Amino acid sequence: MNNFDINLLNDEQRLPLLQTKGAVLVTAGAGSGKTRLLTHRIAYLLSQGVSAYSILAITFTNKATREMADRVRNMCDEGGNIWISTFHSMCVKILRQHIDRLGYSRYFTIYDEDDSEKVVKDSLSAFSLPEDKYKKTVLFHISNWKNTVMSLAEYEEACKDVTDIKKIVKVIDEYQKTLQKNNALDFDDLLIKTYKLFLQCEDVKNLYAQRFEYILVDEFQDTNIVQYELLKQLASVHGNIFVVGDEDQCIYSWRGANFKNIFNFRKDFPNVKVYKLERNYRSTSKILDRANKLIAHNASRLEKKLWTQKEGGDEPVIYNAIDERDEALFVASTIERLMRRGDKPSDFAVLMRLNALSRNLEEALLSYNIPYKIYGGFKFYERAEIKNIVAYLRLFVNPDDDVAFLKIVNFPRRGIGESSVEKLKTLAGNDSILRALLAGKMQSDAALEKKLASFLEIFSALKNLDIPLADFAGEVITKFGLRDAYDKKSEDGFDRLMNISSFEAGVREYARLNPNASLADFLESITLSSDADEIGEGGSVTIATVHAVKGLEFKNVFIIGLEEGIFPISRATMPDDVEEERRLMYVAVTRAEEKVIITHCSKRFLYGKTNYQIASRFCKELGFYQFSPKKIEQRNVMSEGKSFVQNTSFFNKNSILTRFEEKNDKIDTSKYKCGQIVSHPKFGKGKIESITDDRLVGDIIFESVGKKSLMLEIAPLTILGEE
């Protein structure tokens, strides 16, 4: 099978595809067909006789990895043999084979943020340093250090002017020792340990550098120093490295991304060939015109201008709301109107700079009975009941994982309090607690041994089981009584039990798709999973920060909160910071295929107080306003509290203004009283618990879903009677 057709590419794409030798840099604008180019290049290399074994493709998200792998498999028989992965997944794969050279076992655990925080807290305690003063600072410096290629001593010297840096470095050193004792790595370790492995073990580096004759990298502008150094090591033998990136979309400098790697690449790889992709296949010309105007204000970029053959379309819209409630109602009612015209909930994304802007939006969408999902909030695998199961499973892969053991040692309850935990740590000495227990080192404390006897008996029996992955997970849940810890008669308990069932279903699905996978593979997959991997899937409106939707696209995009201090964010005071904020706005605009709708408020309640707001400078840079932010504010005041809409080419302008300015289109909220029984078409029967003083929002306890806060002016409620 070979569905590869070079004629599916345009002239701009064909030129770099055919350049198979040496270093190639493709600066690819948003929506310019990067994935198509990368997948076709892989197919072209295979068609030229290159072995699938010698090709490495690196992406930045699991979702992008899956998409690229699926496309390559559909194009070529050998497509399934290409190594396509994220940087972190690639590093895990390498470390699982060779990390013993650095003094770790290949069955290491990958710690998430919660695990890392627990180790930091313990490390601070070891030096009697207050958690509230140092925890955030230490966590910042751990990641900041690991995103360099410095030793800890070199980092301390580089930060010698930082307050308390000597104390911070001592805590970091203790943190690292604890991770090694627990045979664990954090996310940043996955990269830096691989870099150090290559540096210290030239034979290992050469093994992979010799193997990968061709290296392809997506989203190159998002690479940090360590990732870039890894790429240079991997390309050190053959030098055939093909990178695709767009400095205009570099929005992750806060986690170490360095868009200047695009410029460094041209210095570090001699005779590099540079190509541009400027044709956009996603957005209409009117959207791109605005995006080009905006990004042209940045100085640190390579000159390019997006264009498209998708002429026409709707002009982007800007809406100046009175306040955050008006803004939310505008968004919800617009989505409802477009859904009546045939759009699906999944056609919409509402993007924001700050998660804190989502509350009113949720209330408005609930009132209009519009399904939505928020990304960047509480993830499934962060739920306590799921983390407990995962901690149990981790111990069967890595018995040295004290963080996992201490998470579940008293769950379900076994009478193990803080004093018992301290005894366990003391008795274990240099061993991990579980290994010490299994070796009988706790026999000197009969009471403690008795409390843990049943746990050890079950653990010992289960660790010798040789059964399929999904069955093993089920046995762990059952034998340790993890379901019995919850009361199925309570709403909270029922929800947690349902989540446990969902977890079991997830393990079964993973095992079905990965029949040869081990428990370690499954745990690795969920640890490296990202909330963004699921964005846009399912029948819901997407509510997310702009950072979360990088690389995705939606038919209709709302960008809310375009106000100074919010977008751009208040801490963006230096020119480089403002340029990154502008790149973030550029990313937001270029997610849209057909419609861009932008909002800003005249006043907004945020962080406990109401402020009068000034429209973001980006509104003017996008070409909406030809006057200064101060004049925008004055015009708002002169409008006597009425909202106005500009460029409403796809709206019936009068109906919009009527909807938001006239009272006769809204429900008279005076008819609602506390204690009334009401019915909602989605949530069913409920009782009004409370109503705000302005009578705009009511808290209603529904029999089916519990408490919901709804905007009474528009909520489709039917009064059934008094209690």
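Residue numbers count from 1 along this sequence. If you're wondering where the values come from, they're calculated on a predicted model, not measured in any experiment.
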Which atom pair, heavy atoms only, marks the closest approach of [X] to [Y]?
X    : Y    : answer
Y368 : S333 : OH-CB, 3.5 Å
V589 : V596 : O-CG2, 3.8 Å
S283 : L288 : CB-CD2, 3.8 Å
K671 : D668 : CG-O, 3.3 Å
E382 : K387 : O-CD, 3.4 Å
V549 : A544 : CG1-CB, 3.9 Å

Side chain proximity check, [X] to [Y], heavy atoms < 4.5 angstrom:
X    : Y    : value
N369 : H680 : yes
N298 : E247 : no
I598 : M585 : yes
R617 : K620 : no
R604 : L357 : yes
L622 : K293 : no
I566 : S616 : no
I318 : C619 : yes

Euclidean distance, [Y] [atom2] relative to [X] [atom1], rounded to 0.5 Å:
X    : Y    : atom1 : atom2 : value
I677 : L717 : CD1   : CG    : 12.0 Å
N388 : R383 : CG    : CZ    : 13.5 Å
D248 : R583 : CG    : CZ    : 8.0 Å
K407 : K118 : NZ    : NZ    : 9.0 Å
I597 : F348 : CD1   : CZ    : 7.5 Å
Q676 : I700 : CD    : CD1   : 9.5 Å

Parallel, tilted or perpendicular: which fits the ring planes of Y381 and F503, with parallel below 30° and perpendicular above 60°?
->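 Plane angle over 60°, so perpendicular.
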Check: [Y] main-chain N/O paired with [X] side-chain donor or acceptor under 3.5 Å:
X    : Y    : value
S143 : L139 : no
T308 : N280 : yes
E703 : G684 : no
N611 : Q613 : no
N292 : L306 : yes
D326 : D323 : no

Below 4.0 angstrom, N of the basic side chain to O of the carboxylate: do R359 and E324 qualify?
->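 No, R359 and E324 are not salt-bridged.
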Charged N-O contact under 4.0 Å between D246 and K34 =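 No, no charged N to carboxylate O under 4.0 Å.
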Does R290 make a cation-pi contact with F624, if we ask for NZ or CZ under 6.0 Å from the ring centre and within 45° of the axis?
->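 Pair R290/F624 counts as cation-pi.
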Taking atom types as modelled and ignoring hydrogens, do the side chains of [X] and [Y] form a donor-acceptor contact shorter than 3.5 angstrom?
X    : Y    : result
T59  : T65  : yes
D492 : S490 : no
Q309 : E311 : no

Does the side chain to side chain donor-acceptor pair (under 3.5 Å) test come out yes or no for E385 and N499, once each step is laid out?
-> CA-CA 8 Å; E385 61 274 19; N499 288 333; 2.7 Å; yes
Could you go through the salt bridge (charged side-chain N to carboxylate O under 4.0 Å, His left out) check for E117 and K121 one step at a time?
-> CA-CA 6 Å; E117 284 188 22; K121 285 164 68 174; over 6 Å; no
Does Y510 have any ring-ring contact (aromatic ring centres under 6.0 Å, His included) partners at least two apart in sequence or in another chain, and if so, which?
->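 For Y510 the ring-ring contact (aromatic ring centres under 6.0 Å, His included) partners, ignoring immediate neighbours, are F522.
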What's the verdict on side chain to side chain contact (heavy atoms under 4.5 Å, CB included) for W307 and R279, showing C-alpha distance, side-chain angles and the deciding distance?
-> CA-CA 5 Å; W307 64 277; R279 179 177 176 180; 3.5 Å; yes
Above 12 or not: heavy atoms from other molecules or residues under 6.0 Å from [atom1] of [X]?
X    : atom1 : answer
F605 : CZ    : yes
K310 : NZ    : yes
E509 : CD    : yes
K687 : NZ    : no

Apply side chain to side chain contact (heavy atoms under 4.5 Å, CB included) to E336 and R340, showing your working.
-> CA-CA 6 Å; E336 181 199 44; R340 287 203 306 264; 3.3 Å; yes
R571: partners by side chain to side chain contact (heavy atoms under 4.5 Å, CB included), with sequence neighbours left out |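 For R571, the residues satisfying side chain to side chain contact (heavy atoms under 4.5 Å, CB included) (neighbours in sequence not counted) are R353, I569.
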Check against side chain to side chain contact (heavy atoms under 4.5 Å, CB included), I500 and Y486 = CA-CA 11 Å; I500 291 174; Y486 304 107; 3.8 Å; yes
Could you go step by step and tell me if Y586 and Q249 meet the side chain to side chain donor-acceptor pair (under 3.5 Å) rule?
-> CA-CA 7 Å; Y586 174 80; Q249 295 186 75; 5.8 Å; no
Taking it one step at a time, do Y372 and V350 satisfy side chain to side chain contact (heavy atoms under 4.5 Å, CB included)?
-> CA-CA 10 Å; Y372 67 88; V350 185; over 6 Å; no
